[in-house]
Novice: 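Would you mind keeping the following structure in view while I ask a few things?
On a predicted model such as this, the values are computed, not experimentally measured, just so you know. Sequence lines set the chain letters: A, B, ... in the order given, protein chains first and strands last, and positions in each chain run from 1.
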Amino acid sequence: MGEILSLASVTKSFGAVTVADALTYSLAEGEALGVIGPNGAGKTSMFNLITGTLPLDAGRITFLGHDVTRQNAAQRCRAGMARSFQVPQSFGGLTVFENAMIAATQGANLPGQEAEALCLDVLEQTKLMSKANVLASRLALLDRKRLELTRALCARPKLLLLDEIAGGLTDEECRSLIEMIRAIHVSGMSIIWIEHVVHALTAVVGRLIVLDFGKMIAEGNPKAVMESREVKEIYLGIETDA
Amino acid sequence: MSARDNYRVFRATRASRVAAVLGLAVLVLLFAAPWWAGRAELRLLGEIFLYLSLAMLWNLLAGYAGFVSVGQQAYVGLGGYLLFALTIFLGLHPVAAIAAAGLAGALVAMPVALLIFRLRGAYFAIGTWVIAEVFRLGFAQLGALGGGSGISLPVDAARSLAEGRDAREAVSYWLTLGVATAVITIACLFLRSRRGLALTAIRDNELAAGSLGIDIWRTKFLVYVIVGGLTTLVGALIFLQKLRISPEAAFSVNDWTAFVIFIVVIGGIGSLEGPFVGTIVYFLLREMLADLGAAYLIVLGAVAIAVMLVAPKGLWGLVRDSTGLRLFPLGYRTEPKEKKGA
């Protein structure tokens with residue numbers, strides 16, 4: 001299996017606050033990697049750096065064998081990265097279907113009819129078909145999260161970056177989302193998934209990394225990582241299967 | 001069976017079809033105006049079309065691309081002066097001069113865009129105004145075009161439109177109707193296209209738009225240049241109606257930007273329907289309050305404040321949010337296909 005993404009000493013700070021401290025790791029094609037860490041550990045910033053919405057101070061990002069460090073977010077999306085935002089960033093004045101069409105026509109660069117067909121398929125997969133004609137600004141939280149996933153999938157990515165997509169959902173909603181993501185992963189998609197809901201993560205990912213103050217402090221098998229001393233220190237008082 | 005076989009996607013809704021038929025009927029009626037309207041009404045209609053065009057263009061810029069320009073008078077004035085220069089010095093036919101002005105405006109917009117795209121928000125707005133002032137001061141220096149006191153369009157150039165005053169007024173009127181129709185059509189087709197979809201995404205959320213593969217800078221540049229070119233073209237036509245130009249009139253921030261912003265904001269920024277509503281409201285107010293003198297501007301300001309408080313998305317925003325109505329077939333709708341024999 002080849003490497004799809006690799007970070008080499010990726011560093012970023014805002015003044016005295018370091019959000020990424022020489023992050024170095026790589027992701028194999030088809031792998032699912034989980035990311036945990038306390039609030040403010042730099043998890044979302046890491047996604048911003050990978051996807052190009054935040055420029056690096058130092059380091060290099062390689063995607064599918066190409067150095068993408070200097071590419072902007074749009075170029076990286078067209079190269080095959082798509083993300084869901086922690087705080088849903090829907091196009092509020094457009095319908096769910098139109099939101100999906102933007103990803104399909106711009107990110108995946110598909111012509112009209114093929115884009116429409118892809119959007120229909122993805123909407124069915126993410127269980128949003130019944131809301132296809134609803135304005136995104138009128139959706140409830142679960143549906144907004146599904147829309148984030150829908151849009152990312154409509155960009156036809158090779159690497160899917162999920163940012164706390166299960167956060168704030170009820171157990172039932174969370175379960176259906178996990179099933180959805182598991183199915184996407186089984187179909188061969190490479191995934192990096194940030195989540196506080198650890199049991200959701202461990203149900204899908206095969207490897208876990210832990211961030212704190214922008215540093216990677218642990219990495220490896222999810223079970224072993226959760227039981228390591230460093231992680232227990234950070235999550236003092238939080239049970240591993242919360 | 002996958003979803004793509006069970007659902008169909010369409011763009012024109014019943015509302016948009018009705019609107020298209022009504023729109024065409026109104027267009028035919030307006031085309032025939034020289035036979036049913038007097039000279040004063042024709043002039044007023046012509047002015048309405050020109051303001052509708054300016055509003056459509058400013059709306060693309062501010063409502064979609066997020067560029068709140070208060071310097072579009074730079075292009076209106078440029079268009080006016082280009083019309084005079086091209087007809088006086090090169091002997092071009094006024095219609096040819098108007099078309100050439102549109103192209104020249106787009107060319108001028110390119111370096112201007114490179115300059116002001118570095119600015120954001122309020123700085124951008126001020127930057128556009130400064131550029132318009134530079135244009136005004138620059139044209140005031142050109143003695144051949146009347147300098148600071150202005151110049152009239154030579155009688156020959158005006159005559160070349162048509163023989164006789166009535167015919168000239170009619171041709172002039174049709175030009176305004178034609179340009180307004182063209183601007184609306186271009187705006188509609190652009191927003192329906194892939195680029196337009198990208199622009200609408202930028203309107204709603206720039207962060208997400210970039211992350212979904214949209215080249216934000218290039219899309220905005222394209223919009224700025226198209227709007228700059230068309231605003232110049234409209235400007236040339238405006239001064240063909242006026243037959244006289246001076247730097248003060250050509251680069252007036254009140255006439256070519258403030259009133260246009262009023263129209264767009266009142267009508268509903270960020271929608272194609274908004275400028276129509278705003279233009280109607282603006283001209284109704286203006287015609288009703290024409291006798292009030294300066295107090296008219298105070299009333300206009302009060303109306304603007306009231307609408308912004310009650311309906312921040314403008315009057316059309318109010319209608320759209322409560323009914324979901326869209327009159328232009330820009331969007332996408334889906335519905336299950338009829339099952340056959342099942």
Side-chain angles (χ1 to χ4, degrees), chain A residues 47-48 51-53 72-79 81-85 88-125 129 132-138 148 151-152 154-155 161, chain B residues 1-11 13 63-64 191-220 268-274 313 316-317 320-326 329-337:
Chain A
F47 270 14
N48 290 341
T51 57
T53 49
N72 65 26
Q75 290 167 314
R76 293 189 206 186
C77 172
R78 278 188 241 119
M81 282 186 198
R83 78 187 286 190
S84 75
F85 287 93
Q89 305 281 342
S90 337
F91 303 119
L94 296 175
T95 67
V96 167
F97 187 81
E98 289 157 2
N99 268 264
M101 274 299 280
I102 286 165
T105 56
Q106 317 289 330
N109 201 21
L110 291 175
Q113 289 209 322
E114 279 179 49
E116 290 170 10
L118 173 68
C119 291
L120 289 174
D121 286 350
V122 173
L123 283 172
E124 182 145 283
Q125 185 187 1
M129 189 62 96
N133 297 329
V134 177
L135 280 185
S137 58
R138 302 215 165 163
E148 286 291 319
R151 272 196 326 200
C154 284
L161 300 137
Chain B
M1 288 293 275
S2 63
R4 61 179 73 196
D5 304 314
N6 296 331
Y7 286 83
R8 70 181 197 94
V9 177
F10 57 99
R11 305 197 70 175
T13 60
Y64 284 87
L191 288 178
R192 243 178 95 90
S193 72
R194 291 161 72 88
R195 290 270 185 190
L197 201 56
L199 182 64
T200 314
I202 291 172
R203 173 196 72 182
D204 282 1
N205 193 320
E206 241 180 88
L207 175 65
S211 297
L212 287 172
I214 294 169
D215 190 329
I216 292 176
W217 194 92
R218 200 189 305 174
T219 307
K220 287 184 167 189
I269 192 164
S271 68
L272 270 189
E273 295 89 347
K313 291 183 205 159
W316 182 258
R320 186 189 47 201
D321 287 352
S322 56
T323 62
L325 196 62
R326 295 190 198 179
L330 303 179
Y332 291 83
R333 289 280 185 278
T334 61
E335 66 179 19
K337 281 181 186 164

Novice: Under the criterion side chain to side chain contact (heavy atoms under 4.5 Å, CB included), I'd like the reasoning laid out for R78(A) against D215(B): C-alpha separation, chi angles, the key distance, then a yes or no.
Specialist: CA-CA 10 Å; R78(A) 278 188 241 119; D215(B) 190 329; 3.7 Å; yes

Novice: Taking it one step at a time, do E335(B) and N133(A) satisfy side chain to side chain contact (heavy atoms under 4.5 Å, CB included)?
Specialist: CA-CA 9 Å; E335(B) 66 179 19; N133(A) 297 329; 5.7 Å; no

Novice: Please output the residues of residues 191-199 of chain B in contact with chain A, using a heavy-atom cutoff of under 4.5 Å, in numerical order.
Specialist: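 Within residues 191-199 of chain B, the residues under 4.5 Å from chain A are R194(B), L197(B), A198(B).
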
Novice: Non-hydrogen atoms of chain B under 4.5 Å away: do they reach the side chain of A82(A), the backbone, both or neither?
Specialist: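 Neither part.
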
Novice: Please enumerate all residues that pass salt bridge (charged side-chain N to carboxylate O under 4.0 Å, His left out) together with E114(A), with sequence neighbours excluded.
Specialist: none

Novice: For R320(B), check side-chain hydrogen bond (donor to acceptor under 3.5 Å, both in side chains) against everything at least two apart and list the hits.
Specialist: none

Novice: Checking L94(A) against R203(B) for the side chain to side chain contact (heavy atoms under 4.5 Å, CB included) test, could you report, in this order, the C-alpha distance in whole Å, the side-chain angles of both residues, the deciding distance, and whether it holds?
Specialist: CA-CA 10 Å; L94(A) 296 175; R203(B) 173 196 72 182; 4.2 Å; yes

Novice: For R11(B), enumerate each residue passing the side-chain hydrogen bond (donor to acceptor under 3.5 Å, both in side chains) test, keeping only those at least two apart in sequence or located in another chain.
Specialist: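 Here the qualifying residues are Y332(B).
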
Novice: Pick whichever of L207(B), I202(B), L330(B) has the most heavy-atom pairs under 4.5 Å with chain A.
Specialist: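 Looking at each option in turn, the highest pair count goes to L207(B).
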
Novice: Would you check if F85(A) and N205(B) make a side-chain contact, meaning some heavy-atom pair closer than 4.5 Å?
Specialist: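 The answer is no, as the side chains (C-beta and beyond) never meet within the 4.5 Å cut-off.
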
Novice: Which region of R218(B), side chain (C-beta onward) or backbone (N, CA, C, O), has a non-hydrogen atom less than 4.5 Å from a non-hydrogen atom of chain A, or is it both or neither?
Specialist: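 Neither part.
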
Novice: Hey, does W217(B) have a side-chain heavy atom less than 4.5 Å from the side chain of N72(A)?
Specialist: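 Answer no - side chains too far apart.
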
